[in-house]
Trainee: 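Submitted below is the structure of interest, expressed as structure tokens.
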There are 2 protein chains.
Amino acid sequence: MNDPETRDLIQTMAHECIAVRVRLINRLVTAVYDEALRGVGIKASQMNILVAVSMFGPSKPAKICSLLRLDPSTLSRNVERMKKKGWLEAVPGADARSHLLAVLAPGNAILRDAYPAWREAQKKAAAILGGEALDALLARGSRLLNEGLSPDEP
Amino acid sequence: MNDPETRDLIQTMAHECIAVRVRLINRLVTAVYDEALRGVGIKASQMNILVAVSMFGPSKPAKICSLLRLDPSTLSRNVERMKKKGWLEAVPGADARSHLLAVLAPGNAILRDAYPAWREAQKKAAAILGGEALDALLARGSRLLNEGLSPDEP
DNA sequence: TCTTGAACATTGTATATACAACAATGTCTT
DNA sequence: AAGACATTGTTGTATATACAATGTTCAAGA
């Protein structure tokens, strides 16, 4: 059906591709958190943002994008939805090009409510990854998060 | 701004969350492949599917979903786009509830064309992950792929 | 045989994500 | 001070993703 060389290429890609494996794990892990958090009414994506803003206090959107490596347009759309739910607000900052994102009381309430479900999800995700992959992944992930952190600045 | 207990919860979630780290890595890795493959005209998502179908030969959609842990509706939409590009076709199978997905010549041509860019992306992705995380992730990912493999059946 | 339930794919809807283009503001250089 | 360039966010468009609901076909049991 294919010449042998093409078959070889495809075999190599199937057996060694990093992307398909990372993406598979991402789907599995995200599904675990989304399912655990369903009762609380938040999903992993928005929870990541909410936690980040809550950690740093009022923050420029660019800072959150840099931390999480989110495209600005992606964050913009997510913030839009989170404003509508009353979790976030935009307050004017020093620079008129941008505002600061701040967590509102209902946003903090959601985070508190989410904690037990989050713990559950952590357990399940750890089981999916297994000890070795978990440790390496947490270490690498934390490092990448830190690298995305600009010095100072809101 | 928050009571100390809430601040603790949020700190814990920020420092230990598996989801935010997996999702960050997923965005980075996916971006590397999408960028490398841009010239070829395919993205990581569709390439994953194309490689899978090419590996197994004509396959029931359910099999690909099980392998990659994709929701059937997600696969359906992606296949739709890939049919439109002439990479895939649906051929009737033994069971009238489903057809079989088969790779067409242009689909195989794309995979051949993509190979060099894929190799580039592999290098960059490996650099992002670093040796340890890479090994653990590949091992775990390969295992999860195998677990999604049903016995026999197209 | 008929019916009931399982298996399977698709469609409707919503969110998540990124790229390209744009608009507004700020900074720096001459 | 003026113009060039950088920074920052939003909007238009397309893809990726999942859940809920639906329709069709199959299989198994009464």
Side-chain angles (χ1 to χ4, degrees), chain A residues 19-20 22-35 37-38 41-50 59-66 68-85 88 90-101 150 153-154, chain B residues 19-20 22-35 37-38 41-50 59-66 68-85 88 90-101 150 153-154:
Chain A
V20 71
V22 166
R23 292 167 55 79
L24 164 58
I25 288 171
N26 176 62
R27 279 191 296 272
L28 285 172
V29 168
T30 297
V32 163
Y33 286 79
D34 283 355
E35 186 185 357
L37 293 167
R38 197 158 301 151
I42 192 174
K43 301 216 292 175
S45 45
Q46 301 194 358
M47 185 159 153
N48 295 165
I49 295 169
L50 205 49
S59 311
K60 295 201 296 186
K63 179 175 182 175
I64 306 299
C65 289
S66 163
L68 300 177
R69 254 65 126 234
L70 275 174
D71 189 87
S73 65
T74 300
L75 181 65
S76 186
R77 262 55 185 266
N78 268 314
V79 165
E80 199 179 356
R81 295 175 199 116
M82 295 167 79
K83 278 181 187 170
K84 203 174 301 178
K85 300 192 195 194
L88 286 182
V91 302
D95 192 328
R97 282 171 298 187
S98 75
H99 41 254
L100 302 182
L101 299 174
S150 25
E153 296 277 339
Chain B
V20 72
V22 166
R23 291 166 56 80
L24 165 57
I25 289 172
N26 176 63
R27 278 191 297 272
L28 285 171
V29 168
T30 297
V32 163
Y33 286 79
D34 284 355
E35 187 184 357
L37 292 168
R38 197 159 300 150
I42 191 173
K43 299 214 296 174
S45 45
Q46 300 193 0
M47 185 161 153
N48 295 164
I49 294 168
L50 205 50
S59 312
K60 295 201 295 185
K63 178 174 182 175
I64 306 299
C65 288
S66 162
L68 301 178
R69 253 65 124 235
L70 275 175
D71 189 88
S73 64
T74 300
L75 181 65
S76 185
R77 262 55 184 266
N78 268 314
V79 165
E80 198 180 359
R81 296 176 198 114
M82 296 167 79
K83 277 181 187 170
K84 203 173 299 177
K85 299 191 194 194
L88 287 182
V91 302
D95 192 326
R97 284 170 296 186
S98 76
H99 41 254
L100 301 182
L101 299 173
S150 24
E153 296 277 336

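Because only heavy atoms are used, hydrogens play no part in the values below, and waters and symmetry mates are left out as well, while side chains stay in. Below, read A as the first sequence line, B as the second, and so on, with proteins coming before strands; counting in each chain starts at 1.
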Trainee: What is the first contacted nucleotide of DNA chain D and what is the last, in 5' to 3' order, if contact means an atom lying under 4.0 angstrom from a heavy atom of chain B?
Mentor: D/dT15 to D/dC26
Trainee: Once you apply a heavy-atom cut-off of 4.0 Å, does B/Arg27 come out as touching a base, just sugar-phosphate, or nothing?
Mentor: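 It contacts sugar-phosphate atoms only.
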Trainee: Rounded off to whole Å, could you give me the NZ-to-C1' distance for the A/Lys60 and C/dG26 pair?
Mentor: 11 Å
Trainee: Check whether any side-chain heavy atom of B/Lys85 sits under 4.5 Å from a side-chain heavy atom of B/Met82, and report yes or no.
Mentor: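 B/Lys85 does not reach B/Met82 side chain to side chain.
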Trainee: Taking for each residue the nucleotide of DNA chain C bearing the nearest heavy atom, is the 5' side occupied by A/Lys85 or by B/Ala62?
Mentor: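 Per heavy-atom nearest nucleotide, the more 5' residue is B/Ala62.
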Trainee: Do A/Leu37 and A/Lys43 have side chains that approach each other closer than 4.5 Å (heavy atoms only, starting at C-beta)?
Mentor: no
Trainee: If I take atom CZ in residue B/Arg97 and atom P in nucleotide C/dA6, what distance separates them, rounded to the nearest angstrom?
Mentor: 13 Å
Trainee: Is a side-chain N or O of A/Asn48 found less than 3.5 angstrom from the main chain of A/Ala44, in a donor-acceptor match?
Mentor: yes
Trainee: Could I get the full list of salt bridge (Lys or Arg N to Asp or Glu O under 4.0 Å) partners for A/Arg81, not counting sequence neighbours?
Mentor: none
Trainee: To check you understand the geometry: which heavy-atom pair defines the closest contact between B/Ala19 and A/Val29, and what is its length?
Mentor: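 Between these two residues, the closest heavy atoms are CA-CG1, 4.0 Å.
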Trainee: Where the side chain of A/Arg27 meets the backbone of B/Leu68, is there a donor-acceptor pair that is under 3.5 Å apart?
Mentor: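 At least one qualifying donor-acceptor pair exists.
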Trainee: Roughly how many Å is it from CG in B/Leu101 to P in C/dC8, rounded to a whole number?
Mentor: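 Value for this atom pair: 14 Å.
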Trainee: Please determine whether side-chain contact (heavy atoms from CB on, under 4.5 Å) holds for the pair B/Glu80 and B/Arg77, giving the CA-CA distance in whole Å, both sets of side-chain angles, and the decisive distance to 0.1 Å.
Mentor: CA-CA 5 Å; B/Glu80 198 180 359; B/Arg77 262 55 184 266; 4.0 Å; yes
Trainee: Which comes earlier along DNA chain C counting from the 5' end, the contact point of A/Arg69 or that of A/Ala96, where each point is its nearest nucleotide?
Mentor: A/Arg69
Trainee: Regarding B/Asp34, tell me which of base, sugar-phosphate or nothing describes its non-hydrogen contacts under 4.0 Å with the strands shown.
Mentor: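 Counting heavy atoms under 4.0 Å across all strands, no contact is made by B/Asp34.
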Trainee: Given the rule in the side-chain contact (heavy atoms from CB on, under 4.5 Å) test, do A/Ile49 and A/Leu70 qualify, once you have shown the distances and angles that lead to the verdict?
Mentor: CA-CA 10 Å; A/Ile49 295 169; A/Leu70 275 174; 4.2 Å; yes
Trainee: Closest nucleotide of DNA chain D for A/Lys83 versus for B/Ser45: which of these residues is on the 5' side?
Mentor: A/Lys83
Trainee: Could you tell me whether the side chain of A/Val91 reaches within less than 4.5 Å of the side chain of A/His99, counting heavy atoms only?
Mentor: no
Trainee: Need to verify one output field. Residue with the more 5' nearest nucleotide on DNA chain D, A/Arg23 or A/His99?
Mentor: A/His99
Trainee: Near DNA chain D, counting only heavy atoms under 4.0 Å, which residues of residues 72-80 of chain A show up?
Mentor: A/Pro72, A/Ser73, A/Ser76, A/Arg77
